[in-house]
Amino acid sequence: RAFPFILFSKKEPPAVIKFIEKYIPPMIIAILVVYGVKDINVTAFPYGIPYFIALASAIALHLWKNNPMLSIFGSTILFMILQKLW
């Protein structure tokens, strides 16, 4: 577990690590959005309400805290709870 900390403690991380750090969270959020809205059926109850609430919460959490992990996990947990309730 300590290997990355030892490896990058004295020098700047490589460009690929910086790229991953910058672009992976938005990619994960985009994948979760596509996965979340792919099965929406707006013609039958609950009319996609859990999907849209979870999507709105992901946007709100990200704008509020600007923390990709909080946005991803918070909205995913909310979506799973709403799916069980409806």
Worksheet entry | salt bridge (Lys or Arg N to Asp or Glu O under 4.0 Å) contacts touching residues 19-42 (sequence neighbours left out) | none
Worksheet item: Any chain of hydrophobic side-chain contacts (each under 4.5 Å) joining I31 to L78?
Response: no
Worksheet item: Can you list every pair that meets ring pair (Phe, Tyr, Trp, His ring centres under 6.0 Å) and has a residue in residues 21-41, with sequence neighbours left out?
Response: F19-Y23
Worksheet entry | I72 side, atom CD1; I28 side, atom CD1 - distance, nearest 0.5 Å | 5.0 Å
Item to complete: Share the residues that join F79 in a hydrophobic cluster, the rule being Ile, Leu, Val, Met, Phe, Trp or Tyr side chains under 4.5 Å apart at the heavy-atom level.
Response: V37, I40, V42, Y51, F52
Worksheet entry | Verify same cluster id: V16, M27 (apolar side-chain graph, 4.5 Å) | yes
Worksheet item: Within a reach of under 6.0 Å around CE of M69, are more than 12 heavy atoms found that belong to other residues, nucleotides or ligands?
Response: no
Worksheet item: In the hydrophobic clustering that connects Ile, Leu, Val, Met, Phe, Trp and Tyr at side-chain heavy-atom distances below 4.5 Å, which members other than L61 occupy its cluster, ordered by chain and number?
Response: W64, L70
Fill in: side-chain hydrogen bond (donor to acceptor under 3.5 Å, both in side chains) partners of residues 68-85, not counting sequence neighbours, each pair once
H62-S71
Discussion item. Test side chain to side chain contact (heavy atoms under 4.5 Å, CB included) on I81 and W86; report intermediate values, then the result.
Written reply: CA-CA 9 Å; I81 291 169; W86 269 302; over 6 Å; no
Worksheet item: Residues two or more places apart in sequence or in another chain: which of them pass salt bridge (Lys or Arg N to Asp or Glu O under 4.0 Å) with K65?
Response: none
Fill in: Closest non-hydrogen atom pair, P25 against I20
CD-O, 3.9 Å
Item to complete: Taking all heavy atoms of N66 and all of P68, pick out the closest pair and write down the distance.
Response: O-CD, 3.8 Å
